Amino acid sequence: MQTPLMAIHHHLIAAIRQCLGQADWSPAESLVVPASRPEFGDFQSNIALTLAKPLGQKPRDLATAIVQQLPSDAPYEPPEVAGPGFINFRLQKTYVESWLKYQMQDPRCGVPQAAQPETVIVDFSSPNIAKEMHVGHLRSTIIGDCLARLFEFLGHRVLRLNHVGDWGTQFGMLIAYLQEVHPEFFTGQKEVDLGDLVTFYRQAKQRFDSDENFQNRARQMVVKLQAGDPELIAAWKFLCELSRREFQQIYDLLDVQLVERGESFYNPFLADVVAELKAKGLAVLDQGAWCVFVEGFTSPDGSPLPLIIQKSDGGYNYATTDLAALRYRVQQDGAQRIIYVTDIGQSQHFAQVFAVAQKAGWIPPGVQCIHVPFGLVLGEDGKKFRTRSGETVRLKDLLDEAIRRAQQDIETRFAAEQRQESPAYIQQLARAIGISAVKYADLSQNRLSNYVFSYDKMLALQGNTAPYMLYAYVRVQGIARKGGVDFTNLVPEFALTEPTEFTLAKHLIQFPDVIAQMAVDLLPNRLCQYLFELSQKFNQFYDQCPVLAAPEPDRTSRLGLAYLTAKILKLGLSLLGIPVVERM
RNA sequence: GGGCUUGUAGCUCAGUGGAUCAGAGCACUUGACUACGGAUCAAGGUGUCGGGGGUUCGAAUCCCUCCAAGCCCGCCA
């Protein structure tokens with residue numbers, strides 16, 4: 001079913017085509033948007049103001065002419081031309097009510113399935129093997145998961161790829177070091193965890209930087225490894241497995257699904273990628289390395305900046321891997337959209353990779369490669385988020401701390417309310433709230449900017465936080481419990497009377513438009529904003545309108561509003577990767 | 001030197017291809033519990049939208065320029 005916004009949109013297009021006498025006219029920008037102020041109605045169109053000038057007409061006259069071409073049986077009151085030429089739309093009450101009813105019975109809350117399902121790859125998280133996940137992986141993991149959930153919900157085939165750093169010079173270094181200093185590592189005689197590995201990695205790096213003989217051994221190891229030496233492959237697999245177990249704990253905690261397909265996966269295709277670029281005349285030998293130059297990229301010294309696809313020592317680097325991955329994803333996975341969720345610092349790299357792939361003909365028409373960048377996580381001092389001692393914050397520690405603080409809050413509050421709950425329940429609740437708070441704090445921020453990480457703010461019960469929204473949901477469940485109402489069997493006739501009911505209702509029916517917009521701009525904070533406003537509007541309604549105590553038909557109608565609010569909150573939060581709780 | 005991102009209320013941030021855009025939350029002050037959970041709601045804003053130009057009937061938003069912060073820029077990813 002068309003949303004009100006879409007209905008008005010289509011009416012306007014038809015009307016404008018009539019007025020202009022152009023059957024193929026289509027708008028360059030959005031024709032109709034939600035009204036900026038309630039007193040101007042529900043939706044507004046500014047199109048007459050934009051169109052009038054080139055036509056040499058007065059905006060108000062054009063607006064009036066457009067209004068006259070709108071259908072007379074439309075689901076809105078006769079539109080008004082206001083001010084210099086705005087067209088204001090006010091939805092008919094019965095139309096709003098019928099839309100609410102439609103959303104009530106639709107499991108998707110009115111959001112249509114994609115007409116043309118695509119294969120969408122979301123490349124996110126991507127930690128490095130033999131290192132721990134740290135705060136730097138937080139945003140990619142959370143934002144990537146959110147976008148994957150969005151596209152899955154819209155009905156696309158989504159491949160969630162974890163492009164882990166599992167291939168490269170660091171492994172030669174690490175394996176060489178372990179063989180020499182900790183041979184027991186490979187024999188299983190000693191229990192090791194990822195923490196040990198990280199220590200070893202640091203030591204290996206130190207050795208690598210200071211000892212030339214060691215450097216050579218490490219390089220030979222890489223060559224042997226990449227050539228498929230069985231012993232080294234086994235060692236490498238052991239390292240990967242160790243890391244994988246550790247990563248999985250975090251993904252389980254975050255409830256994030258990923259398919260691991262690391263850099264090593266594309267190893268067999270690297271030589272061919274380079275060969276193809278050479279054959280197409282795109283690769284040139286420069287200072288001993290094979291490079292592709294594309295316009296618009298400049299080095300610090302002002303010379304053109306190459307994308308190096310084969311190093312002077314014959315090895316390949318991440319640019320080669322990224323190109324091989326891109327080609328594979330298009331040609332083998334059949335991806336129509338490839339979304340890369342990485343920090344904004346890699347923007348230039350991806351722009352370059354996409355440009356080279358474009359030149360090489362690996363991005364056919366209809367395929368989009370999209371870099372979805374995000375800013376840094378900062379500490380409360382405004383600098384890169386670190387521990388007190390200046391170390392990088394381990395992701396596990398960060399999440400555990402959020403849960404610990406959530407639990408503390410809960411226990412304090414329960415004690416104040418003299419509420420008895422089982423330790424298991426408290427633990428589970430703390431986990432849900434702690435993780436949700438971290439996720440929501442991240443997603444509610446415009447992803448392009450850096451944001452300040454604050455446990456106190458994200459766990460606050462007031463404001464634009466996960467707990468505030470979860471509480472709104474819990475309130476609805478409270479109504480159901482208290483009234484013994486089974487929402488799932490509710491088939492309400494809506495009868496809106498109070499202002500807060502209308503305000504809430506009109507916000508509820510905008511949900512599908514918000515989701516549609518999010519699929520275009522890939523900004524989760526827009527959905528967060530919507531859900532926050534929904535919670536606010538619900539709380540205002542809740543404050544003003546008794547539900548259970550109301551006489552019919554208000555009681556049923558209000559139960560419907562409450563239930564639909566909860567339903568949309570639950571669905572919306574699920575797209576953010578945040579679960580709801582029934583009590584808190 | 002080139003490029004990218006950011007700069008909006010005391011604090012944290014929305015709004016960014018125009019008009020009906022000066023907003024939210026926090027903090028602070030004051031009200032509202034014999035109503036479904038008060039983890040709520042209501043009321044309270046003296047901001048050069050980083051500065052300066054420009055385009056326009058109209059600019060936080062578009063263009064130019066300058067300033068500040070952060071990041072990226074040939075064999076790491």
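Keep in mind that this is a model prediction, so the values were computed, not measured. Residue numbering restarts at 1 for every chain, and letters A, B, ... go by the order of the sequence lines.
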Can you tell me how far P in B:C66 sits from the matching atom in B:G1, rounded to whole Å? 11 Å
note: A:Q544, atom CD; B:C36, atom P; distance rounded to Å ~ 15 Å
Remember a base hit wins even if backbone is also touched, and classify A:C545 as base, sugar-phosphate or nothing at under 4.0 Å, heavy atoms. base
How many Å lie between CZ on A:R481 and P on B:G37, as a whole number? 8 Å
Report yes or no: is there a donor-acceptor pair, N or O only, under 3.5 Å between the side chain of A:S347 and the base of B:C72? no
Across all strands shown, which nucleotide pairs with B:G70 by Watson-Crick or G-U wobble geometry, both distances under 3.5 Å? B:C4
A:V547 near the nucleic acid: base, sugar-phosphate alone, or nothing, with a heavy-atom cut-off under 4.0 Å? base
Is A:G478 touching bases, backbone alone, or none of the nucleic acid, heavy atoms closer than 4.0 Å? sugar-phosphate
How many Å lie between CG on A:L305 and C1' on B:G1, as a whole number? 13 Å
Find which nucleotide of RNA chain B each of A:F532 and A:I87 is nearest to by heavy atoms, and output the residue with the more 5' nucleotide. A:I87
Using a heavy-atom cut-off of 4.0 Å across all strands, would you classify A:Q529 as base, sugar-phosphate, or nothing? sugar-phosphate
Determine the Euclidean distance between corresponding P atoms of B:G52 and B:G47; express it in Å to zero decimal places. 15 Å
d(CG, A:N539; P, B:G25) in whole Å: 12 Å
Is it true that atom NZ of A:K570 has more than 12 heavy atoms of other residues, nucleotides or ligands lying nearer than 6.0 Å? no
Tell me: OH of A:Y468 to P of B:C13, nearest whole Å? 21 Å
Exam field: side chain A:T465 to backbone A:L461, donor-acceptor pair closer than 3.5 Å: no
Expressed in whole Å, how much space separates the P atoms belonging to B:G74 and B:A69? 23 Å
B:G47 -> Watson-Crick or G-U wobble partner, both distances under 3.5 Å, gives none
Under 4.0 angstrom, heavy atoms only, what part of the nucleic acid is A:A549 near: base, sugar-phosphate, or nothing? nothing
What does A:Q445 touch in the nucleic acid at a heavy-atom separation under 4.0 angstrom: a base, only the sugar-phosphate, or nothing? sugar-phosphate
Sugar-phosphate only, base, or nothing, as touched by A:V476 at under 4.0 Å among non-hydrogen atoms: nothing
Atom C1', compared across B:A14 and B:C21: separation rounded to whole Å: 12 Å
Mind checking A:D313 for me? I need base, sugar-phosphate or nothing, with any heavy atom below 4.0 Å counting as a touch. nothing
Would you indicate what A:L548 reaches in the nucleic acid, counting non-hydrogen atoms under 4.0 angstrom: base, sugar-phosphate, or nothing? base
For B:U55, which nucleotide in any strand shown is its Watson-Crick or wobble partner with both distances under 3.5 Å? none
P-based separation of B:C4 from B:C63 [nearest Å]: 12 Å
Please give the nucleotide sitting opposite B:A24 as a Watson-Crick or G-U wobble pair, both distances under 3.5 Å, or none. B:U12
Whole angstroms only, please: what is the CD-P distance between A:Q462 and B:C28? 10 Å
Between A:H9 and A:F43, is the ring centroid distance below 6.0 Å? no
Between B:U48 and B:A60, how many Å separate the two C1' atoms, rounded to a whole number? 13 Å
Out of B:C41, B:U40, B:C75, minimum distance to the side chain of A:Q540 belongs to B:C41
OP1 or OP2 of B:A14 under 4.0 Å from side-chain N/O of A:S449: yes
Check every strand shown and say whether A:P467 touches a base, only sugar-phosphate, or nothing at a heavy-atom separation below 4.0 Å. nothing
Give one of base, sugar-phosphate or nothing for A:G302, where a contact means two heavy atoms less than 4.0 Å apart. nothing
Phosphate-side-chain proximity, A:Q536 and B:U40, N/O vs OP1/OP2 below 4.0 Å: no
Can a donor-acceptor pair be found between the side chains of A:Y316 and A:N267 at a distance below 3.5 Å? no
Using a heavy-atom cut-off of 4.0 Å across all strands, would you classify A:A562 as base, sugar-phosphate, or nothing? nothing
Does a side-chain N or O from A:N446 land closer than 4.0 Å to OP1 or OP2 of B:G15, or not? yes
Would you check if there is a donor-acceptor pair between the side chains of A:N317 and A:T320 at a distance under 3.5 Å? yes
If only side-chain N and O atoms of A:K53 are considered, is one of them under 4.0 Å from the OP1 or OP2 phosphate oxygen of B:U56? no
Between A:Q348 and A:Q352, do the side chains contain a donor N or O and an acceptor N or O under 3.5 Å apart? no
Under 4.0 Å, counting only non-hydrogen atoms across every strand here, what does A:L49 touch: a base, just sugar-phosphate, or nothing? base
For a quick check of understanding: with a heavy-atom distance under 4.0 Å over all strands, which category does A:R419 fall into, base, sugar-phosphate or nothing? base
Nucleotide paired to B:A42 in any strand shown, Watson-Crick or G-U, under 3.5 Å: B:U30
Using a strict threshold of under 4.0 Å (side-chain N to carboxylate O), is an ion pair present between A:R219 and A:D313? no
At under 4.0 Å, does any side-chain N or O of A:Q310 touch on OP1 or OP2 of B:C75? no
Taking the side chain of A:D543 as heavy atoms from C-beta outward, which of B:A19, B:U12, B:U40 is closest to it? B:U40
Between A:L461 and A:G296, which is nearer to the 5' end of RNA chain B once each is assigned its nearest nucleotide? A:G296
Taking only side-chain N and O atoms of A:R526, does any of them lie within less than 4.0 angstrom of OP1 or OP2 on B:G15? yes
Rounded C1' spacing from B:G37 to B:U46 in Å: 40 Å
Using the P atom as the point on both nucleotides, what is the distance between B:A22 and B:G50, in whole Å? 15 Å
Does a nitrogen or oxygen in the side chain of A:K311 sit under 4.0 Å from OP1 or OP2 of B:C76? yes
Using whole Å, what does the distance between atom P of nucleotide B:C13 and atom CZ of A:F453 come to? 13 Å
Rounded distance in Å - NE2 (A:H371) to C1' (B:A77): 12 Å
Are A:D442 and A:Q445 linked by a side-chain donor-acceptor pair shorter than 3.5 Å? no
Verify whether one side chain among A:Y177 and A:Q203 offers a donor that lies under 3.5 Å from an acceptor in the other. yes
